[in-house]
Amino acid sequence: MAQKINFEFSIRKYRPSEEREVMSLFRDGILEHVYPAFFKAMSNLDHVGLTLSISMAGYVLGGSSYFQALFFGFAWASLIYSCCHEIYNSYMMRRLSTDMADIESSYLDNPDNGFWVAEADVNGQTRVVGIMGVMGRSEEEHGERFDDWNGGVSGSEIAQDAVDGSFGEVRHLVVAFPWRRMQLGSQLTRKALEFCKERGFTRLAVDLSSPQTAAISMYQKLGFVQTAPHGNTHVNKWFSKLARINMVHMEKTI
């Protein structure tokens, strides 16, 4: 008979001694988006048509060779996968050289920033199963990028509210795979909202890539509003176009 496993969660501030667990969870949480992004891109109707056309071209150029058809199709799929991987890997490497290079100084030493871990008690053993950071931002720092996100549209309700003051930005919310669908991501987000309210921020913002459909749905259920998507993934724009990945900006007024 299988042993029943009981889970108990607690959310608390990050401790430097947990760096190895946190960094491992961070890396896995970023790179796990590569395959879903790839499959979503390849299932796009335009890509399906291109894949068939490229495979057919290989078949014809190879003198009715099925091998050439498969080779051409595989080469095209490999290109799309490489684009997806480059987008997420470059983001991960950029974060590892900036705020995640020293979590303590980036988040804990600044009262407007915070970093939390979700700790699970699994039959008497504790494990870090979720992480989340919040970084305080000012409108002066963020205004230009905010305009780009919204395509220069200044009349939206969120854009009007954005001028009122500083706000919080969610960074690196990751929940380990076995502990998903247990509302842990929602609990971490509520912790971020509580922190922002205590700091007097006007709203909480988060950036997500379009393949993160589950995360987008979670934030919508928590009352976040999605603004216009943009293609600025901080890599060559053709990578984003081929991978069919956009960035989604979401906000909730506090």
Side-chain angles (χ1 to χ4, degrees), residues 1-15 18 20-44 81 84-85 87-89 91-92 95 100 103 114-134 168-197 203-227 229 243-252 254:
M1 181 176 178
Q3 183 180 10
K4 183 178 180 181
I5 300 177
N6 296 315
F7 301 102
E8 293 183 3
F9 300 108
S10 63
I11 297 174
R12 55 170 176 74
K13 287 187 177 182
Y14 163 81
R15 298 168 184 163
E18 298 162 333
R20 179 175 296 182
E21 286 182 276
V22 167
M23 297 304 289
S24 177
L25 189 55
F26 168 71
R27 290 187 179 94
D28 292 345
I30 298 301
L31 295 180
E32 73 172 16
H33 299 306
V34 174
Y35 278 108
F38 168 68
F39 290 122
K40 184 176 181 181
M42 291 301 295
S43 64
N44 182 277
Y81 176 83
C84 294
H85 185 272
I87 288 171
Y88 290 103
N89 188 65
Y91 171 79
M92 181 185 72
R95 297 273 66 88
M100 293 299 285
I103 298 174
F115 202 97
W116 297 265
V117 300
E119 187 178 68
D121 185 352
V122 184
N123 291 338
Q125 294 185 338
T126 57
R127 289 186 56 187
V128 173
V129 298
I131 61 173
M132 179 195 64
V134 172
E169 187 175 66
V170 174
R171 296 285 185 92
H172 322 313
L173 196 162
V174 179
V175 176
F177 184 78
W179 286 269
R180 293 176 188 173
R181 301 185 181 277
M182 297 181 184
Q183 303 298 313
L184 186 51
S186 298
Q187 291 181 43
L188 284 164
T189 304
R190 291 189 181 98
K191 183 69 176 180
L193 288 166
E194 291 174 6
F195 173 78
C196 290
K197 187 174 182 179
R203 66 191 193 280
L204 179 63
V206 61
D207 285 328
L208 301 163
S209 60
S210 52
Q212 294 178 258
T213 54
I216 292 171
S217 177
M218 180 197 74
Y219 283 111
Q220 288 175 334
K221 290 177 181 177
L222 291 172
F224 283 72
V225 178
Q226 179 178 330
T227 66
R244 301 280 174 168
I245 293 177
N246 289 317
M247 297 303 297
V248 177
H249 183 72
M250 305 184 76
E251 296 187 352
K252 180 173 181 176
I254 300 172

### Task
Output all residues satisfying side-chain contact (heavy atoms from CB on, under 4.5 Å) with Glu194, sequence neighbours left out; order by chain, then residue number.
Lys191
### Query
Got a sec, which residues hit side-chain contact (heavy atoms from CB on, under 4.5 Å) with Ser24, two or more places apart in sequence or on another chain?
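Asp28.
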What closest approach, in Å, do [X] and [Y] show between heavy atoms, and which atom pair accounts for it?
X	Y	result
Cys84	Ala243	SG-CB, 3.7 Å
Arg95	Phe26	CB-CZ, 3.7 Å
Ile245	Ala37	CD1-CB, 3.9 Å
Val22	Ile103	CG1-CD1, 3.8 Å
Phe9	Met182	CZ-SD, 3.7 Å
Ile254	Cys196	CD1-CB, 3.2 Å

Which residues pass the ring-ring contact (aromatic ring centres under 6.0 Å, His included) test with [X], not counting sequence neighbours?
X	value
His33	Tyr88
Phe195	Trp116
Tyr91	none
Phe177	none

### Residues, nucleotides or ligands: over 12 heavy atoms within 6.0 Å of Arg127 CZ
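Open.
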Between atom [atom1] of [X] and atom [atom2] of [Y], what is the distance when rounded to the nearest 0.5 Å?
X	Y	atom1	atom2	answer
Leu208	Leu173	CG	CG	9.0 Å
Met218	Thr189	CE	OG1	3.5 Å
Ile30	Ile87	CD1	CD1	13.0 Å
Gln183	Leu188	CD	CG	11.5 Å
Met247	Thr227	CE	OG1	11.0 Å
Leu193	Leu222	CG	CG	7.5 Å

### Task
Please report the C-alpha distance between Val206 and Glu169 in whole Å, then the side-chain angles of each, then the deciding distance to 0.1 Å, and finally whether the side-chain contact (heavy atoms from CB on, under 4.5 Å) criterion is met.
CA-CA 6 Å; Val206 61; Glu169 187 175 66; over 6 Å; no
### Task
State whether the side chain of Ser217 and the backbone N or O of Thr213 hold a donor-acceptor pair below 3.5 Å, judged by distance alone.
no
### Query
Does Lys197 reach the main-chain N or O of Arg203 with its side chain, forming a donor-acceptor pair under 3.5 Å?
no
### Summary
Here the salt bridge (charged side-chain N to carboxylate O under 4.0 Å, His left out) pairs for residues 213-226, sequence neighbours left out, are none
### Message
Tell me every residue that passes salt bridge (charged side-chain N to carboxylate O under 4.0 Å, His left out) with Arg12, counting only those two or more places apart in sequence or in another chain.
### Response
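Residues passing salt bridge (charged side-chain N to carboxylate O under 4.0 Å, His left out) with Arg12: Glu18, Glu119.
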#### Entry: Contacts of Glu32 that satisfy salt bridge (charged side-chain N to carboxylate O under 4.0 Å, His left out) - sequence neighbours left out
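Once residues adjacent in sequence are excluded, the partners of Glu32 under the salt bridge (charged side-chain N to carboxylate O under 4.0 Å, His left out) criterion are Arg180.
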### Task
Carefully, step by step, assess Phe115 and Arg15 under the rule side-chain contact (heavy atoms from CB on, under 4.5 Å).
CA-CA 9 Å; Phe115 202 97; Arg15 298 168 184 163; over 6 Å; no
Is any side-chain heavy atom of [X] closer than 4.5 Å to a side-chain heavy atom of [Y]?
X	Y	answer
Lys40	Pro36	no
Met250	Gln220	yes
Met92	Arg27	yes
Val134	Arg171	no
Val225	Glu251	no

### Message
Using side-chain contact (heavy atoms from CB on, under 4.5 Å), reason through Ile216 and Val248 one step at a time and then give a plain yes or no.
### Response
CA-CA 8 Å; Ile216 292 171; Val248 177; 4.2 Å; yes
#### Entry: With sequence neighbours excluded, residues passing side-chain hydrogen bond (donor to acceptor under 3.5 Å, both in side chains) with Arg244
Asp46
